[in-house]
Amino acid sequence: MDLIERVRAKETRAIARALTLVENGDGAFLNALDAEYARLPQPARIGITGPPGSGKSTLTSALIGVLRKQAKRVGVVAVDPSSPFSGGALLGDRLRMSAHTLDEGVFVRSMASRGSFGGLAIGCEDACDVLALAVFDPVIVETVGVGQSEVDIARLADTTVVVLTPGAGDSVQALKAGIMEIADVVAINKADRDGAERLEEDIKEAQELRNAPWRAPIVRTVATENRGASELLAAIENHRVYLASNKLLNGVRAQRAEARLMDLAAAGLIEALRRGPAFQAAREAVQRGELSPRAAVNKLLNTTRF
Ligand SMILES: Nc1nc2c(ncn2[C@@H]2O[C@H](COP(=O)(O)OP(=O)(O)O)[C@@H](O)[C@H]2O)c(=O)[nH]1
Ligand SMILES: [Mg+2]
């Protein structure tokens, strides 16, 4: 049986193999996966984002616990550009979610950046396709949200949960950086610590400044004790109902497909320019300061055969 069929048959080893091929950018497998694209199941996509250490992985694990009680098959992609494959954070993810690792209804994969332009989002989408093919629903995407990348993160999911923690400067900064723009649900994790009240007020204040049709509900959680996990899941499901009942879900997915198209187009274009015969000369001219980067690109676009 070929790998695609084995993934569709929910075979754990095949899923792991497929994710590795996707991560390595294996052309033959990606083509086979792309051939399934129009027929892929469309699992609910939940994004969990927030500053490093805010408890995203622990919270994801708590959500998995609730979802497993509902007999849902849960797929998780944890994306962390800062952590290499052998790195601590990654190991942390594995350990933290290890309560579920012997459960066939759960698949957790950590992935680092492929390193190429747009590689992170592209690799994540490909991994999500594999999990969709393996009939996981929902698929949870955990991403470190810091600074500009938050906008990218928002488009990886139907529903984005922003995780903030009391007493952390990071969270205040996140609020200032406009994180409310992307939050469909806010989790105040580590609510066992002082300052949850204060943070909730700050979040509400930030929300007042916006006039959005959907106001992100705020849920307090203590992920280490599984507290608030059911409430968080209920808030996520409410947002999904809101999307569905206002016919917004297709729009969210269409936006995601378009963003993916643009990412791949940009990556493909750069690859094509790099492979072209004039690239090295243009690069050296730019490095010597003889040619402006813009002029170099224009020249390359005009002379490269695609
Ligand atoms: N006190 C407390 N600690 C927590 C809570 N949730 C997570 N942690 C701890 O915070 C640390 C970072 O958690 P982790 O899930 O790896 O954060 P991530 O980097 O956002 O994925 C770990 O030591 C967790 O045990 C919580 O609700 N309360
Ligand atoms: Mg984590």
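Just so you know, these numbers come straight off a predicted model, no measurement behind them. One-based numbering, in listed order, for ligands and for the atoms of each.
The Thr58 neighbourhood of ligand 1 comprises atoms 7 (C), 13 (O), 14 (P), 15 (O), 24 (C), with distances under 4.0 Å to a heavy atom of that residue. Near Asp192, with a cut-off below 4.0 Å to any heavy atom, the atoms of ligand 1 are 1 (N), 2 (C), 26 (C), 27 (O), 28 (N).
Using cut-offs of 30° and 60° for the angle between ring planes, the Trp214 and Tyr242 rings count as tilted.
Considering Arg220, Glu225, Arg227, Lys190 only, the shortest heavy-atom separation from atom 3 (N) of ligand 1 involves Lys190. Closest heavy-atom approach to atom 12 (C) of ligand 1 within the set Ala223, Gly53, Pro51: this belongs to Gly53.
Salt-bridge check for Glu36 with Arg39: passed, with a basic side-chain N closer than 4.0 Å to an acidic carboxylate O. A salt bridge links Arg256 with Asp158; the closest basic N to acidic carboxylate O contact falls under 4.0 Å.
Not one N/O/S atom of Thr58, from backbone or side chain, sits under 2.8 Å from the Mg ion (ligand 2).
Annotation for Ala216 and Val185: closest pair CB-N, 3.9 Å, computed over non-hydrogen atoms.
In this structure, Glu142 is part of the shell of residues with a heavy atom less than 4.0 angstrom from ligand 1.
Screening Lys190, Glu231, Glu197 for a side-chain contact (heavy atoms from CB on, under 4.5 Å) involving Arg220 leaves a single residue, Glu197.
In terms of distance to the Mg ion (ligand 2), the nearest N, O or S atom of Glu142 is named OE2.
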